[in-house]
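Heavy-atom basis, side chains included; hydrogens, waters and symmetry copies ignored. Per chain, numbering begins at 1; letters A, B, ... match sequence-line order. All figures in this text were calculated on a predicted structure; none of them were measured in a lab.
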There are 2 protein chains.
Amino acid sequence: MAEVRKRKPRADAQKNRELLLEAAKEILGRGGPNASLDAVARRAGVGIGTLYRHFPTREELFMAVFSRELDQLIVTAEDLVERDDPLEAIRSWLHANVDLVETKRGMLGAMSLVVTEDLKQGYTERSSLLRAAVDRLLDKGRSIGEIREGVSAEDLMQTLYAICYARQPGPDWRENVLRILDIFVDGLKK
Amino acid sequence: MAEVRKRKPRADAQKNRELLLEAAKEILGRGGPNASLDAVARRAGVGIGTLYRHFPTREELFMAVFSRELDQLIVTAEDLVERDDPLEAIRSWLHANVDLVETKRGMLGAMSLVVTEDLKQGYTERSSLLRAAVDRLLDKGRSIGEIREGVSAEDLMQTLYAICYARQPGPDWRENVLRILDIFVDGLKK
DNA sequence: CAATATACGGAGGCATCCTCCGTTTTCAAG
DNA sequence: CTTGAAAACGGAGGATGCCTCCGTATATTG
């Protein structure tokens, strides 16, 4: 509608936002979804009030932090649609997720939180894109008749994060997660 | 070694322990694994110190609360070993878990916490029993050649709780969880 | 250089965690 | 029944985290 002429966003605000994202990436990456937001603010060197002004809820902060990661996953999924074998494409995509996640265990809870939260509410463009990309992967498999009906992108993603999250961290983490995921993928066959 | 003769455990201590377990069942059932322990003590009508004396860590409290639930699951698993179709037996056992869990959503995180925690450390008799029972289910399927190699009882249980936990609560919860689990079970086929 | 919209910081109120220790209760020996 | 020590109790208290509120500071614009 009538777009009101607005002032240019203040430089310091933008800088602080950046500092907060940086700090959050660090702190949340280590401490997981329950990490202290006070700590994030401290690390960023801003007041706690500033944090809450930029990101009124924990979720919004997560969301912002993960935008880039999500982008990467979208690109990966879109590339994989080209592949001939849809089931293997899905397997590859899941493996890519595991790789991405392996270095950021702490973010896992947050990831699944983001995925479910905003898929549920459906108002975030980025996650729609991700879901769409994954859905295309699934669709291709379904159309060939290689993948069973009744499995949504949400199902796939939630299961992925659930499995990653439930597994105890440790030297065998990656191996175990991949093993379980493979079973699940096999179950997707028609 | 030389078992020292000890005093009979005090009556009040035992009573308080019971009160605490009762309260914990209630509070944790609602509030989940992050529920306030202060609240548990309040509800039990004992001092917070008393709670911490009986259950020095959150995990130990969970553990105690879930003993009975675990017992029930053990019995169920043992019954199912008799069944002819191992894959369906496993499916049934998983469904039984879902049913048990459905009325106590809040306990989910705690459940998986217990399972992983003490399976990892392997010092709890009860969870060994549970794992053994589930393993027997799997073994039977493996021996018939119906179930693939390389899947442990831990795998099964952790995946179960992971899936239950990741799914958003809601009217479709049960349906969705069962759907995903079925895919996983199908993946277990050889 | 104002004027003002915008952003900042952090104190403060409340909740939770967990420890520590002075007080109370129970048990059992005499 | 006493009585004293072992066992258990309760909750204050210090630490940390959450989030709100508002007085202060500063960037932008005319």
Integer-rounded Å distance: [N] [atom2] and [X] [atom1]:
X: A:Arg58; N: D:dC18; atom1: CZ; atom2: C1'; value: 9 Å
X: A:Asp12; N: C:dA5; atom1: CG; atom2: P; value: 17 Å
X: B:Phe55; N: D:dA8; atom1: CZ; atom2: C1'; value: 14 Å
X: A:Arg53; N: C:dA5; atom1: CZ; atom2: P; value: 17 Å
X: A:Leu51; N: D:dT20; atom1: CG; atom2: C1'; value: 13 Å
X: B:Asn34; N: D:dT16; atom1: CG; atom2: P; value: 20 Å
X: B:Gln14; N: D:dA8; atom1: CD; atom2: P; value: 10 Å
X: A:Lys8; N: C:dT6; atom1: NZ; atom2: P; value: 14 Å

Response to the item:
Rounding to 0.5 Å, atoms OG1 (B:Thr159) and CZ (A:Phe184) come to a distance of 10.5 Å

Pairs under 3.5 angstrom only: tabulate donor-acceptor contacts from the side chains of residues 12-23 of chain B to other protein residues two or more places apart or in another chain.
{"unit_1": "B:Asp12", "atom_1": "OD1", "unit_2": "B:Arg10", "atom_2": "NE", "d": "3.2"}
{"unit_1": "B:Asp12", "atom_1": "OD2", "unit_2": "B:Arg10", "atom_2": "NH2", "d": "2.7"}
{"unit_1": "B:Asn16", "atom_1": "ND2", "unit_2": "B:Asp12", "atom_2": "O", "d": "3.4"}

Discussion item. Heavy atoms from C-beta onward define the side chain here; which of D:dC19, C:dG9, D:dG11 lies closest to that of A:Ile48?
Written reply: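 Between D:dC19, C:dG9, D:dG11, the one nearest the side chain of A:Ile48 would be D:dC19.
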
Under 4.0 Å: is that the gap between some side-chain N or O of [X] and OP1 or OP2 of [N]?
X: A:Thr50; N: C:dA7; answer: no
X: B:Asn16; N: D:dA8; answer: no
X: B:His54; N: D:dA8; answer: no

Worksheet item: Checking B:Trp93 side chain against B:Leu73 main chain: does a donor-acceptor pair fall under 3.5 Å?
Response: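 Side chain of B:Trp93 to backbone of B:Leu73: a pair is present.
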
Discussion item. Taking B:Ser152's backbone N and O only, do any of them form a donor-acceptor pair with B:Asp155's side chain (distance below 3.5 Å, no angle check)?
Written reply: yes

Sequence neighbours left out, cut at 3.5 Å: what donor-acceptor pairs do the side chains of residues 76-84 of chain B make with other protein atoms?
{"unit_1": "B:Thr76", "atom_1": "OG1", "unit_2": "B:Gln72", "atom_2": "O", "d": "2.9"}
{"unit_1": "B:Arg83", "atom_1": "NH2", "unit_2": "B:Ser92", "atom_2": "OG", "d": "3.4"}

Worksheet item: If you look only at pairs with a residue in residues 134-149 of chain B, which of them pass as a side-chain hydrogen bond (donor to acceptor under 3.5 Å, both in side chains), with sequence neighbours excluded?
Response: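 Only A:Asp186-B:Arg148, B:Asp139-B:Arg142 qualify under side-chain hydrogen bond (donor to acceptor under 3.5 Å, both in side chains).
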
Discussion item. Quick check on DNA chain C: between A:Ala13 and B:Pro56, whose nearest nucleotide comes earlier from the 5' end?
Written reply: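 Closest to the 5' end, via its nearest nucleotide, is A:Ala13.
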
Practice prompt. Kindly give the heavy-atom pair with the smallest separation between B:Leu156 and B:Ile90, and that separation in Å.
Written response: CD2-CG2, 3.9 Å

Worksheet item: Between B:Glu175 and B:Arg179, is the closest basic N to carboxylate O distance under 4.0 Å?
Response: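 Salt bridge between B:Arg179 and B:Glu175, a charged N being under 4.0 Å from a carboxylate O: no.
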
Worksheet entry | Positions of residues 35-42 of chain A (non-hydrogen atom under 4.0 Å from DNA chain D), listed by number |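 Correct list: A:Ala35, A:Ser36, A:Leu37, A:Asp38, A:Arg42.
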
Mind listing the side-chain donor-acceptor pairs of residues 34-53 of chain A below 3.5 Å, one per line with the distance, residues two or more places apart or on another chain?
{"unit_1": "A:Ser36", "atom_1": "OG", "unit_2": "A:Asp38", "atom_2": "N", "d": "3.2"}
{"unit_1": "A:Ser36", "atom_1": "OG", "unit_2": "A:Ala39", "atom_2": "N", "d": "3.0"}

Provide a list of protein-nucleic acid N or O atom pairs under 3.5 angstrom, restricted to nucleotides 2-6 of chain D.
{"unit_1": "D:dA6", "atom_1": "O4'", "unit_2": "B:Arg7", "atom_2": "NH1", "d": "3.0"}

